[in-house]
Amino acid sequence: MEVTRRDLFKFGGLAAVGALGGSALAGCSPQAGSAEADDRAGGNEAQTPEFLKQPEAISEFAETKGYDVVVVGAGESGLAAVHTALEAGASVACVQNIGTAQTTGNMGASVDTTKTDAAGVEACVAFLLEKNAYRSNRKLLEAWAKNSYEAIAWWADTAAKGGADSKPYDSSKEYNGYTFYLHANTYNHLEGAHNDAALAIADQLAVDGAEFFYDSPAVQLCKEGERIVGVISETENGYTLFRASKGVILATGDCSGNEEMRNYYCPDLRGFKTMSTFRDGSGMCAGIWAGAQMTPINHSKMVHGGGALTRLQVPFLNLDIHGKRFMNEALSFAYLNNLMRDYLAEYNYQNSMAAKFFTIMPANWQSIAQQWAEENPSEVQLSVGNMKMPDESKFVMGSTYEELAANINAYMEQEDWGIDPIDEKDVVASIESYNALCATNADTEYGKRAKYLVPLEEGPYYAVPRGANSVPAVLGGLVVDENQQCLDFERKPIEGLFAVGNASGQFYGGVDYPMDIEGLSVGRAITSGYLTGRYVASL
């Protein structure tokens, strides 16, 4: 992802705290012999991934600056941490590896605690525990559930004052007989989407007294004894040591932009395209070198990119890149990527478009799908949040099966998918075979519910290009306690070191990101940063 530098604010910072003595500098280095590297590599240097290898210690600095709190990263969680640290009276620096504040998600979800009672809040927590295979840290889920509404409200209010208005999206769910109410901020309507809000908030935080240092990637942490006392960033003037008397908060996002880390911690993402190269896992690496541990393999993965068409969840016939049916179409789009391994392998994991497919629908698809959605809203979705229903003009259309098949090939060539043409006879044969299956009222191929077995009899016919071929985030990070404080391999807190948002782990735990609560990742990031900034400032 290319990020254009915005001429924001790049302040000179507080007065340097003074030159450090040699004995103090000796502590500013990665911890020798990372337990993470030793554990993963079995002591064999040749097997150790490059990102786990200890870098040479940096001990000479062009400049040293002093603050109460240093936040690494200016995304949702980082900006939220800056805000609450400032609010608590701390002096705050925020260092960012690119030239601007930058976020990704377009929706931030919360539990509406003005409507949800205590039992409903715990039902939400229980629901997420189930969705995450009970690998989540319950205390982190509870912190989000009980505090997200306040955090999301702050984000929306501050962004709105800067001209980035949110459109609310409210929904509810029932679990174990209890109802919990959800409220989300959505930014799909804005030209720059969620990042418009981030830029407005960063501007306000600078006015409030935070100092931002852009194009200043953090490369190491400074550790004196058992305590993290600062961050070393590479700036235009050389290495700068940002000392933090109260704590360092890592808010650097996930590691999806680092192919080696992604393949190591989430190997089943091989072949999918990276969305954001600047989220390179550098903050996590700095934490590992300082003695923090990562969430155990395999990390949860978020693969649902592709825009509104990808989010269309209607159980009509799905055909793969060979024109053949390949799945139970009622499967949630959040999990579709798990069916695409063989297709990616066909192209030697070098073409992510091999993960695409087509949903084939009749002319009256809307009336059928709307009835399904009313009867089973958890299984059938015509849009996400308050996004508009997909535009038929964006679909591939054909008056006959044969014309539809030909137009599918023309579409793939026009969009430069790099996929071999489909044998058009296979498309026609698959549709005819599916129609015959529907007539039996029993899916003997994939076990889809009989109510969804609707034949394709009324033309014109539509083919919706779908499939998630990119990775918005890898949801595993440094292991933290309920205060977001990083833990070492003995699960003891590391003094002065905290991680928030997707730089922290054990909030998610399932194979995939649970899309059942829309925008949870962004809501979680804002909430964890919001709470941690205040907590660290109070130390």
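Values in this document were obtained by computation on a predicted structure and should not be read as measured data.
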Novice: Do Y462 and F358 have their ring centres less than 6.0 Å from each other?
Specialist: no

Novice: What distance do K356 atom NZ and N351 atom CG have between them, rounded to the nearest 0.5 Å?
Specialist: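 Answer rounded to 0.5 Å: 11.0 Å.
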
Novice: For residues Q96 and F212, determine if any side-chain heavy atom of one lies less than 4.5 Å from a side-chain heavy atom of the other.
Specialist: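 They are not in contact (no side-chain heavy atoms under 4.5 Å apart), so the answer is no.
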
Novice: Regarding E76 and R524, does a basic nitrogen lie under 4.0 Å from an acidic carboxylate oxygen?
Specialist: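 Looking at E76 and R524, the cut-off is not met.
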
Novice: Between the side chains of N237 and T235, does any donor sit under 3.5 Å from an acceptor?
Specialist: no

Novice: Suppose we call two aromatic rings close when their centres sit under 6.0 Å apart. Are Y175 and F180 close by that rule?
Specialist: no

Novice: Please report the closest heavy-atom contact between S233 and A218, naming both atoms and the distance.
Specialist: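 Here S233 and A218 meet closest at OG-CA, 3.7 Å.
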
Novice: Are a donor atom and an acceptor atom from the side chains of R262 and T274 found within less than 3.5 Å of each other?
Specialist: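 Judged by distance alone, the side chains do pair up.
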
Novice: Do F272 and L344 have side chains that approach each other closer than 4.5 Å (heavy atoms only, starting at C-beta)?
Specialist: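 The answer is yes; the side chains approach within 4.5 Å.
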
Novice: Does the plane of the ring in F51 sit parallel, tilted or perpendicular to the ring in Y265? Use 30° and 60° as the thresholds.
Specialist: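 Aromatic pair F51/Y265 classed tilted.
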
Novice: Side chains of K161 and T158: closer than 4.5 Å at any heavy-atom pair?
Specialist: no

Novice: Show the nearest heavy-atom pair for residues T113 and Y149, with the distance to one decimal.
Specialist: OG1-CB, 3.8 Å

Novice: May I ask you to decide if Y535's main-chain N or O and S538's side chain share a donor-acceptor pair within less than 3.5 Å?
Specialist: yes

Novice: Please identify each residue that fulfils side chain to side chain donor-acceptor pair (under 3.5 Å) with E379, with sequence neighbours left out.
Specialist: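 So E379 forms a side chain to side chain donor-acceptor pair (under 3.5 Å) with R449, Y452.
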
Novice: Parallel, tilted or perpendicular: which one describes the rings of W154 and H83, with boundaries at 30° and 60°?
Specialist: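 Parallel: the ring planes of W154 and H83 meet at under 30°.
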
Novice: Measure the CG-CG distance between L140 and L128 for me, rounded to the nearest 0.5 Å.
Specialist: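 If I round to the nearest 0.5 Å, the distance is 12.0 Å.
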
Novice: Would you mind checking if D512 and K301 are paired as a salt bridge, meaning a charged N to carboxylate O distance below 4.0 Å?
Specialist: yes

Novice: Under the 3.5 angstrom rule, does the side chain of N258 hit a backbone N or O of D280 as a donor-acceptor pair?
Specialist: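 It does hold such a pair.
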
Novice: Quick one: does V219's side chain get under 4.5 Å of S282's, heavy atoms only?
Specialist: no

Novice: Walk me through whether Y181 and T114 qualify under side chain to side chain contact (heavy atoms under 4.5 Å, CB included).
Specialist: CA-CA 9 Å; Y181 297 87; T114 67; over 6 Å; no

Novice: Please give me the minimum heavy-atom distance between G99 and D215, naming the atom from each residue.
Specialist: N-OD1, 3.1 Å

Novice: What distance do R270 atom CZ and S352 atom OG have between them, rounded to the nearest 0.5 Å?
Specialist: 14.0 Å

Novice: Judged by atom type as modelled, is there a donor-acceptor pair below 3.5 Å linking the side chain of R243 to the main-chain atoms of G66?
Specialist: no

Novice: Enter the distance from I58:CD1 to L241:CG here, rounded to the nearest 0.5 Å.
Specialist: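 Spacing of CD1 (I58) from CG (L241) equals 10.0 Å.
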
Novice: Go through the steps to decide whether T84 and L531 satisfy the test side chain to side chain contact (heavy atoms under 4.5 Å, CB included), and finish with yes or no.
Specialist: CA-CA 7 Å; T84 49; L531 294 174; over 6 Å; no

Novice: Where the side chain of Y513 meets the backbone of L520, is there a donor-acceptor pair that is under 3.5 Å apart?
Specialist: yes

Novice: Do the side chains of V92 and V71 get nearer than 4.5 Å, heavy atoms only?
Specialist: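 Of all side-chain heavy-atom pairs linking V92 with V71, at least one is under 4.5 Å.
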
Novice: Report yes if some heavy atom in the side chain of N97 is under 4.5 Å from a heavy atom in the side chain of S216; otherwise report no.
Specialist: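 In short, these two side chains do not touch, never coming nearer than 4.5 Å.
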
Novice: Which residues satisfy the side chain to side chain donor-acceptor pair (under 3.5 Å) test with T359, sequence neighbours excluded?
Specialist: N318, R466

Novice: At their closest point, which heavy atom of M261 faces which heavy atom of M294, and how far apart are they?
Specialist: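 Closest heavy-atom pair between M261 and M294: CE-CE, 4.4 Å.
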
Novice: Check side chain to side chain donor-acceptor pair (under 3.5 Å) between D117 and all other residues, then give those that pass, not counting sequence neighbours.
Specialist: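 By the side chain to side chain donor-acceptor pair (under 3.5 Å) rule, D117 matches no residue at all.
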
Novice: To check you understand the geometry: which heavy-atom pair defines the closest contact between P514 and K131, and what is its length?
Specialist: CB-CB, 3.9 Å

Novice: Go through the structure and list residues passing side chain to side chain donor-acceptor pair (under 3.5 Å) with W417, not counting sequence neighbours.
Specialist: none

Novice: Assess the residue pair H183 and N185 against the criterion (side chain to side chain contact (heavy atoms under 4.5 Å, CB included)); give the C-alpha distance rounded to whole Å, side-chain angles, the decisive distance to 0.1 Å, and a yes or no.
Specialist: CA-CA 7 Å; H183 171 78; N185 304 334; 3.5 Å; yes

Novice: Step through the shown structure and confirm whether more than 12 heavy atoms of other residues, nucleotides or ligands are within 6.0 Å of CD on E142.
Specialist: yes

Novice: So, the side chain of D68 versus the backbone of K246: is there a donor-acceptor pair under 3.5 Å, distance only?
Specialist: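 Looks like no, no N/O pair under 3.5 Å.
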
Novice: Which donor-acceptor pairs under 3.5 Å do side chains of residues 473-481 form with protein atoms, sequence neighbours excluded?
Specialist:
unit_1 : atom_1 : unit_2 : atom_2 : d
D481   : OD1    : N483   : N      : 2.8
D481   : OD1    : Q484   : N      : 3.3
D481   : OD1    : Q485   : N      : 3.0

Novice: Is it true that a side-chain atom of S148 and a backbone atom of G523 form a donor plus acceptor pair closer than 3.5 Å?
Specialist: no

Novice: Report the C-alpha separation of L336 and F357 in whole Å, then their side-chain angles, then the decisive distance to 0.1 Å, and conclude whether the side chain to side chain contact (heavy atoms under 4.5 Å, CB included) test is met.
Specialist: CA-CA 10 Å; L336 287 171; F357 62 96; 3.6 Å; yes

Novice: Working to the nearest 0.5 angstrom, can you tell me the gap between I228 CD1 and C486 SG?
Specialist: 8.5 Å

Novice: State whether the side chain of N132 and the backbone N or O of G509 hold a donor-acceptor pair below 3.5 Å, judged by distance alone.
Specialist: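 Flag set: sc N132 to bb G509 pair under 3.5 Å.
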
Novice: Which atoms form the tightest heavy-atom contact between I201 and A159, and what is the distance?
Specialist: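 For I201 and A159, the tightest heavy-atom pair comes out as CG1-N, 3.9 Å.
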
Novice: The criterion is salt bridge (Lys or Arg N to Asp or Glu O under 4.0 Å); which residues satisfy it with R534, sequence neighbours excluded?
Specialist: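 Partners of R534 by the salt bridge (Lys or Arg N to Asp or Glu O under 4.0 Å) criterion, ordered by chain and then number, come out as E87, E150.
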
Novice: With a 4.5 Å limit on heavy-atom distance, are the side chains of R138 and E122 in contact?
Specialist: yes

Novice: Do T186 side-chain atoms and M107 backbone N/O form a donor-acceptor pair below 3.5 Å?
Specialist: no

Novice: Verify whether one side chain among T527 and N147 offers a donor that lies under 3.5 Å from an acceptor in the other.
Specialist: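 Per modelled atom types, T527 and N147 side chains form no pair under 3.5 Å.
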
Novice: Between S528 and S77, do the side chains contain an N or O donor and an N or O acceptor separated by less than 3.5 Å?
Specialist: no

Novice: A side-chain contact here means heavy atoms from C-beta on lying under 4.5 Å apart; do V248 and V229 qualify?
Specialist: no

Novice: So how far is it from Y239 OH to T64 OG1, rounded to the nearest 0.5 Å?
Specialist: 14.5 Å

